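Keep in mind that what you see is a predicted model, and the values were worked out from it rather than measured.
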Amino acid sequence: MKITVLQPNFFPFKAYFDIIQKVDKVVFFDDSFYNEKTWVNKTVIKRNDKRFVFNIGISYEEESQLRDVRIDCKNWKRNFLRMISSEYKDSRNFSKVFPIIKEIVNLPVENICQISSYSIFRISQEFYNYEGEFILSSKKYKNIKSSSFRNKIIDICKYERATNFYTFSMYRETFHSSYFTKNNLSISYMESPNRFAYSCIDFLMNDLDLIKKMV
């Protein structure tokens, strides 16, 4: 059984979905700690054909877990949808993709982690026909008490009787293969997101194969 453990990102890069397509289970690591490098409340979109980081205002306390981060911004939904509509209204897949984006953004919660997780789940379901399982770490593995986040990931893999763990190549030092081997796990490294890339929204709006899948 193949598994990945990822922080829920808001409309992440396409590389995120490339990993998901390789595994049987996706664990959202929503009980990891929030920091400013986390992408749970931001994504990269096009604005006037330039790279723009859309950042949703949030409120959190020191050492807050992702699941506890709340949205603290009144007009972000309207602003986000307006930007997407303005930039992509002439894209070939706009009529198929925009309604799904609107559904995700209008999820009636103020928890950004839930919205980000739903953005991944819904896109995987609608456009990638993913049939695997999505799991919230804080729900299923709350009784796993590990000394570090790396050890918790190992313990999650053992709990699920996984044989292979997938992660991005940029984490080779953090998740060294020897560490997994001694725990009877193999590890596969997928290509890391291009730091100049756009959100998956850009790919979905213009992917020719997407039209074929939905005809």
Side-chain angles (χ1 to χ4, degrees), residues 4-20 26-48 50-84 87 101 104-107 109-123 134-139 141-142 146-153 156 165-176 189-203:
T4 188
V5 181
L6 300 166
Q7 288 188 337
N9 292 356
F10 183 63
F11 291 104
F13 303 117
K14 179 183 176 295
Y16 202 109
F17 297 94
D18 292 338
I19 279 192
I20 290 174
V26 179
V27 177
F28 289 132
F29 206 7
D30 65 329
D31 48 358
S32 59
F33 291 110
Y34 175 82
N35 63 59
E36 292 184 357
K37 293 182 179 180
T38 304
W39 284 83
V40 69
N41 65 313
K42 51 185 176 286
T43 191
V44 179
I45 63 174
K46 277 186 180 178
R47 189 178 187 187
N48 299 322
K50 294 182 180 179
R51 196 172 184 271
F52 178 80
V53 178
F54 187 90
N55 199 318
I56 302 170
I58 55 173
S59 63
Y60 61 96
E61 297 179 0
E62 188 175 354
E63 296 191 353
S64 288
Q65 294 183 345
L66 294 183
R67 61 178 179 165
D68 297 322
V69 176
R70 314 296 293 183
I71 295 173
D72 188 17
C73 182
K74 292 182 179 179
N75 299 319
W76 77 269
K77 294 182 179 183
R78 182 184 64 187
N79 293 339
F80 184 75
L81 292 174
R82 183 181 295 171
M83 287 184 189
I84 296 299
E87 188 64 42
I101 295 172
I104 294 166
V105 167
N106 285 317
L107 193 70
V109 297
E110 293 302 318
N111 184 302
I112 187 58
C113 192
Q114 291 180 18
I115 293 176
S116 294
S117 298
Y118 188 63
S119 76
I120 298 159
F121 165 78
R122 192 70 179 88
I123 288 172
F134 289 95
I135 303 167
L136 290 174
S137 175
S138 65
K139 298 294 185 182
Y141 315 112
K142 62 182 179 181
S146 306
S147 58
S148 68
F149 80 95
R150 185 176 65 178
N151 286 337
K152 182 162 185 176
I153 288 173
I156 288 172
F165 175 70
Y166 277 72
T167 191
F168 290 118
S169 57
M170 63 183 178
Y171 298 131
R172 283 181 183 273
E173 294 300 319
T174 303
F175 300 117
H176 197 276
Y189 300 102
M190 297 285 291
E191 184 179 352
S192 295
N194 184 332
R195 67 189 183 94
F196 296 109
Y198 292 102
S199 158
C200 59
I201 292 172
D202 188 73
F203 175 80

Do [X] and [Y] have side chains that approach each other closer than 4.5 Å (heavy atoms only, starting at C-beta)?
| X | Y | result |
| --- | --- | --- |
| Phe52 | Val44 | no |
| Arg70 | Tyr60 | no |
| Phe28 | Phe134 | yes |
| Leu81 | Ile101 | yes |
| Ile135 | Val26 | no |
| Phe29 | Leu66 | no |
| Cys200 | Ser119 | no |

Quick one, Val53 with Ile45, criterion side-chain contact (heavy atoms from CB on, under 4.5 Å). Give me CA distance, side-chain angles, the key distance, then yes/no. CA-CA 6 Å; Val53 178; Ile45 63 174; over 6 Å; no
Indicate yes or no for a side-chain donor-acceptor contact from [X] to the backbone of [Y] under 3.5 Å, with no hydrogens or angles considered.
| X | Y | value |
| --- | --- | --- |
| Asp30 | Ser138 | yes |
| Thr4 | Thr167 | no |
| Ser117 | Cys113 | yes |
| Thr38 | Asn35 | yes |
| Asn79 | Asn75 | yes |
| Ser116 | Val40 | yes |
| Asn111 | Arg67 | yes |
| Glu87 | Asn48 | yes |
| Thr43 | Ser199 | no |
| Ser192 | Met170 | yes |

Do we get Arg172 above Tyr189's six-membered ring, with its NZ or CZ under 6.0 Å from the centre and within 45° of the axis? yes
Does Tyr198 have Lys46 sitting over its ring (NZ/CZ under 6.0 Å from centre, angle to axis within 45°)? yes
Any chance you could lay out the side-chain contact (heavy atoms from CB on, under 4.5 Å) test for Ile201 and Ile84, step after step, and finish with the verdict? CA-CA 9 Å; Ile201 292 172; Ile84 296 299; 4.0 Å; yes
Verify side-chain contact (heavy atoms from CB on, under 4.5 Å) between Thr174 and Phe149, making sure each step is shown before the conclusion. CA-CA 10 Å; Thr174 303; Phe149 80 95; 3.6 Å; yes
Provide the closest heavy-atom pair for [X] versus [Y] in the form atom of the first, atom of the second, distance.
| X | Y | value |
| --- | --- | --- |
| Lys42 | Lys37 | NZ-C, 4.3 Å |
| Gln114 | Val109 | OE1-CG1, 3.3 Å |
| Tyr141 | Lys152 | O-NZ, 3.7 Å |
| Lys14 | Phe203 | CE-CZ, 3.2 Å |
| Asp18 | Met190 | O-CE, 3.7 Å |
| Pro8 | Ile120 | CA-CD1, 4.0 Å |

Can you tell me how the ring of Phe175 sits relative to the ring of Phe165, calling it parallel under 30°, perpendicular over 60° and tilted otherwise? perpendicular
Between Tyr171 and Phe168, how do the two ring planes meet: parallel, tilted or perpendicular, split at 30° and 60°? tilted
Determine whether the aromatic ring centres of residues Phe80 and Phe11 are separated by less than 6.0 angstrom. yes
Atom OG in Ser59, atom CD in Glu110: separation rounded to 0.5 Å? 9.5 Å
Do Ser32 and Gln7 have a side chain donor and acceptor closer than 3.5 Å? yes
